[in-house]
Every structure is written in structure tokens, then in C-alpha cells.
A.B. asks: 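Below: one structure in C-alpha cells.
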Amino acid sequence: EGEAMPELVCYEKQSDWGGLWNYSWRTGLDENGEKVHGSMYRYLWSNGPKECLEFADYSFEKHFGKAIPSYPPRPVLFDYIKGRVEKCDVRKF
């Protein structure tokens, strides 16, 4: 059964989840007048193996239905994160 899960609070400044993996070409100010900051670029690849990034109960292989390379590009990581959010219906929280 394990211990009780602590309450987690996550903040995302962009209009959608994904942090650095959610690429946007926008710069300047967003629709709320907040500075748009992205330390990521469109063609970024992971510099750490996916095996160290995947969720314990949701593997990359489970998400994509096949094995993928250990160092995936940004769109692959973003797709995986979106899949996990949708699978667990995290947005309802």
C-alpha cells in the first residue's frame, strides 16, 4: 500500500503543459503581458537517456507501442508527456 502521497503543486507559465519540451516560437510578451521565456530551441534532443526520464508506470514503449532510441528529439518527449497527462486525466486537478 505504501505511504500517503504528498500534495504536489505544479506551475506552468505557458498556455499548455510540457515545460521546456513545449516549444514556442513566440518572444516578447504573452497575451497577459508576461515576458515569454523559453530556454529551449525547436530542434533540441534529450541529452539524457529516456530511461532516466520515463514515468515508473508509463514507459515510452507503452506510449508509442514500440521501442524508441534512448535519446529522443523534443517532439517525441513532448508527445510522451502529453500522453501521460491525458492517460491520468491530470488536467482535472
Side-chain angles (χ1 to χ4, degrees):
E1 185 165 304
E3 296 188 29
M5 179 69 116
E7 180 181 359
L8 300 175
V9 178
C10 298
Y11 297 95
E12 178 62 68
K13 195 170 182 180
Q14 297 186 84
S15 61
D16 199 6
W17 296 18
L20 294 174
W21 304 109
N22 181 7
Y23 170 76
S24 173
W25 56 268
R26 297 187 183 277
T27 60
L29 302 177
D30 68 10
E31 62 274 4
N32 300 310
E34 294 285 330
K35 186 176 179 182
V36 175
H37 172 73
S39 55
M40 229 273 290
Y41 53 94
R42 186 175 185 180
Y43 298 106
L44 181 72
W45 285 66
S46 173
N47 65 350
K50 73 175 187 338
E51 292 80 6
C52 294
L53 302 171
E54 67 186 359
F55 297 99
D57 63 339
Y58 191 67
S59 69
F60 281 89
E61 191 165 335
K62 184 177 197 176
H63 176 75
F64 291 106
K66 62 181 180 179
I68 65 168
S70 284
Y71 295 87
R74 182 204 57 79
V76 171
L77 284 168
F78 184 53
D79 186 70
Y80 172 71
I81 292 168
K82 287 192 321 184
R84 179 66 164 90
V85 166
E86 293 166 8
K87 176 185 180 288
C88 293
D89 199 18
V90 174
R91 292 183 191 272
K92 70 181 175 186
F93 299 105

A.B. asks: Quick check for you: to the nearest 0.5 Å, what is the distance between Ser46 atom OG and Leu53 atom CG?
C.D. replies: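 Nearest 0.5 Å value for the OG-CG distance: 5.0 Å.
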A.B. asks: Nearest 0.5 Å please: distance from the CD atom of Glu54 over to the CD1 atom of Ile81.
C.D. replies: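 It comes to 12.5 Å.
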A.B. asks: At what distance, to the nearest 0.5 angstrom, does CG of Leu77 lie from CH2 of Trp45?
C.D. replies: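 Answer rounded to 0.5 Å: 10.0 Å.
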A.B. asks: Judged by atom type as modelled, is there a donor-acceptor pair below 3.5 Å linking the side chain of Asn32 to the main-chain atoms of Glu34?
C.D. replies: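 Absent.
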A.B. asks: Apply side chain to side chain donor-acceptor pair (under 3.5 Å) to Asp57 and list each qualifying residue two or more places apart in sequence or on a separate chain.
C.D. replies: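 Once residues adjacent in sequence are excluded, the partners of Asp57 under the side chain to side chain donor-acceptor pair (under 3.5 Å) criterion are Arg84.
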A.B. asks: Do you know which two heavy atoms are closest between Arg42 and Arg74, and how far apart they sit?
C.D. replies: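 It is O-NE, 3.2 Å.
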A.B. asks: Which atoms form the tightest heavy-atom contact between Ile68 and Val76, and what is the distance?
C.D. replies: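 Closest heavy-atom pair between Ile68 and Val76: CD1-CG1, 3.9 Å.
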A.B. asks: Considering all heavy atoms of both residues, which atom of Phe55 and which atom of Tyr80 are nearest to each other, and what is their separation?
C.D. replies: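 Closest approach of Phe55 to Tyr80: N-OH, 2.8 Å.
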A.B. asks: Shared ILVMFWY cluster between Tyr43 and Trp21, side chains joined below 4.5 angstrom?
C.D. replies: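 As far as the 4.5 Å side-chain criterion goes, Trp21 and Tyr43 are not connected within one cluster.
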A.B. asks: If you round to the nearest 0.5 Å, how far is OG of Ser59 from CZ of Phe64?
C.D. replies: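 Separation between the atoms: 10.5 Å.
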A.B. asks: Ser70: which residues meet the side chain to side chain donor-acceptor pair (under 3.5 Å) condition with it, sequence neighbours left out?
C.D. replies: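 Partners of Ser70 by the side chain to side chain donor-acceptor pair (under 3.5 Å) criterion, ordered by chain and then number, come out as Glu51.
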A.B. asks: Can you see which heavy atom on Lys50 is nearest to which on Pro72, and at what distance?
C.D. replies: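 Closest approach of Lys50 to Pro72, heavy atoms only: CB-CD, 4.0 Å.
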A.B. asks: List for me each residue that meets side chain to side chain donor-acceptor pair (under 3.5 Å) alongside Tyr58, sequence neighbours excluded, and say none if there are none.
C.D. replies: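 In terms of side chain to side chain donor-acceptor pair (under 3.5 Å), with neighbours along the sequence ignored, Tyr58 is linked to His63.
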